[in-house]
Amino acid sequence: MNSIDENLFVECLRAGVERTKGLLARLTEYHGGPVQTEYLLTADIAREFIERDYEVAVECLNRSLVNGLTATNAREARKWLKSKRTDVALIYTGLIPIGIIELKIGVSSLRKIQDDISKIKTTISLLKPQFAHRTIGAVVFQVHVGGGRRRTYAHEFEKAVFAVEKRIRDSLTTYASNNKDFSLKMLPLQGPGDGIVERALEPDGDSLAWGEDGHATRYHAIIIRKPGSPTVITSFADLKAQAVKS
C-alpha cells in the first residue's frame, strides 16, 4: 500500500503489542511480565503490518529509505545515516518510506529513547518534502515497574508506573518545545489500568499466602511527524512525476 492513515498506523502498533502481551500471558500462566528482548515486539509488530498487506522491512538500513528518488541529497544522506538501521520500516514499491518504527524495552526516562527519536527525525529530515510529510515515525517503548517489599497492591504499582509515564511525558513536552520542526506526541498502547498486576495470593492449606510478585508493564508510542500536506501517490507514474519535479 502506498500510504497509511495515522489512526490505522497506531491501531496496528496496538495490535502488535497485544500479540506480544498475549504470548507472555500464556507463558506465565496469565501473570504477565516484561518483554526481555526487543525481538518479540519487532516480530509481532512487523507481522501485524504484513497481515494488513503492507510491505515491511525488518532491521532496514535507513540510507536505503533515503535514496536517489526520495532524498534531497543522497550523498549527504549516506554520510549522515551511515550504517544506522530501523527496527521496522513500511516501504512503498521498495523505495518510499511510509512508516519508520523503533522498539525499546526497559524505558524509565526519555533519555533512553532520545537517540531513537533523533534517528527517525534525521531520516525524515533528509527526505524530500513530498515524502517527508507522508512518513510516520514511531518509537514504541515498554515501561516496567517490578514488585518487592515496597509494592504489593494494584494501586501501589499504578502510582509507581504512572509517575514514570508522567516523567517521560513531561520530558517529551520540553524536548518538543526545542524541536518545533516536528510534531511529537506520546500515546498509550493499552487502556488506563492494563498491565498492572498485584502480588498473587496462593492457597496454603486452609488459608492464603503471598505468591509471585506483582508488576506494572505498560506500552506507549511516541508518534513523530513532519508537518505539511502529504503528496498523494497512487501509481508508479506518480513516482516518476515526483522525481522529475524534484
Side-chain angles (χ1 to χ4, degrees), residues 8-52 54 56-60 85-90 99-113 116-117 138-169 186-203 208-223:
L8 176 59
F9 182 79
V10 173
E11 178 187 318
C12 290
L13 296 180
R14 288 195 175 108
V17 166
E18 284 300 319
R19 287 174 181 263
T20 301
K21 288 168 58 184
L23 174 61
L24 284 172
R26 292 192 296 274
L27 290 174
T28 59
E29 296 183 352
Y30 298 94
H31 186 76
V35 174
Q36 301 294 348
T37 170
E38 287 155 12
Y39 291 121
L40 277 178
L41 280 170
T42 299
D44 284 336
I45 287 174
R47 188 177 294 112
E48 187 64 34
F49 283 104
I50 289 169
E51 291 183 359
R52 298 184 189 227
Y54 287 93
V56 171
V58 175
E59 286 293 313
C60 177
R85 293 178 180 270
T86 197
D87 291 323
V88 179
L90 311 183
I100 302 175
I101 305 163
E102 294 291 338
L103 291 305
K104 194 71 76 179
I105 61 175
V107 174
S108 58
S109 70
L110 187 70
R111 186 178 295 112
K112 180 74 178 285
I113 53 176
D116 295 297
I117 295 172
V139 179
V140 175
F141 63 96
Q142 172 193 272
V143 175
H144 174 73
V145 172
R149 293 182 179 178
R150 290 183 301 165
R151 287 182 286 270
T152 299
Y153 301 105
H155 71 272
E156 294 170 324
F157 288 102
E158 185 177 271
K159 180 179 178 181
V161 76
F162 285 3
V164 175
E165 293 168 354
K166 182 179 186 303
R167 183 165 66 242
I168 295 171
R169 193 175 292 107
M186 178 172 157
L187 301 175
L189 295 180
Q190 80 274 64
D194 289 355
I196 297 171
V197 180
E198 62 185 9
R199 189 173 181 183
L201 280 170
E202 299 175 349
L208 296 173
W210 289 119
E212 191 171 357
D213 282 343
H215 64 91
T217 306
R218 292 168 52 76
Y219 297 86
H220 301 267
I222 292 175
I223 303 299

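Numbers here are sequence positions counted from 1.
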Atom pair [atom1] ([X]) and [atom2] ([Y]), whose distance is rounded to the nearest 0.5 Å:
| X | Y | atom1 | atom2 | answer |
| --- | --- | --- | --- | --- |
| Ile196 | Glu158 | CD1 | CD | 4.5 Å |
| Ile223 | Phe9 | CD1 | CZ | 5.5 Å |
| Ile100 | Thr86 | CD1 | OG1 | 6.0 Å |
| Ile113 | Met186 | CD1 | CE | 7.5 Å |
| Tyr153 | Lys159 | OH | NZ | 15.5 Å |
| Cys60 | Ile101 | SG | CD1 | 11.5 Å |

Sidechain-backbone polar pair: [X] side chain, [Y] backbone, donor-acceptor under 3.5 Å:
| X | Y | result |
| --- | --- | --- |
| Arg167 | Ser108 | yes |
| Arg218 | Gly191 | yes |
| Arg151 | Glu156 | no |
| Lys104 | Val139 | no |

Do the non-hydrogen side-chain atoms of [X] and [Y] ever get within less than 4.5 Å of each other?
| X | Y | result |
| --- | --- | --- |
| Thr217 | Gln142 | yes |
| Asp87 | Val58 | no |
| Glu198 | Thr152 | no |
| Ile222 | Asp116 | no |
| Ile45 | Leu13 | yes |

message = Any salt bridge linking Lys21 with Glu18? Criterion: basic side-chain nitrogen under 4.0 Å from a carboxylate oxygen.
response =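 Glu18 and Lys21: salt-bridged.
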message = Whether Arg52 and Glu48 form a salt bridge (side-chain N of Lys/Arg under 4.0 Å from carboxylate O of Asp/Glu) is what I want to check.
response =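 Salt bridge present between Glu48 and Arg52.
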request  = Could you list the residues that satisfy ring pair (Phe, Tyr, Trp, His ring centres under 6.0 Å) with Tyr219, not counting sequence neighbours?
outcome  =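 By the ring pair (Phe, Tyr, Trp, His ring centres under 6.0 Å) rule, Tyr219 matches no residue at all.
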task = Could I get the full list of ring pair (Phe, Tyr, Trp, His ring centres under 6.0 Å) partners for His31, not counting sequence neighbours?
result =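 Ring pair (Phe, Tyr, Trp, His ring centres under 6.0 Å) check on His31 returns His215.
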request  = Please state whether the rings of Tyr54 and Phe49 are parallel, tilted or perpendicular, taking 30° and 60° as the class boundaries.
outcome  =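 Rings of Tyr54 and Phe49: perpendicular, over 60°.
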message = Using every non-hydrogen atom in the two residues, find where Val145 and Val161 come nearest and quote the distance to one decimal.
response =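 Smallest heavy-atom distance, with atoms named: CG2-CA, 3.9 Å.
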query = Looking at Leu41, Val143, Leu40, Thr37, which one forms a side-chain contact (heavy atoms from CB on, under 4.5 Å) with Ile105?
reply =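 With Ile105 as partner, side-chain contact (heavy atoms from CB on, under 4.5 Å) holds for just one option, Leu41.
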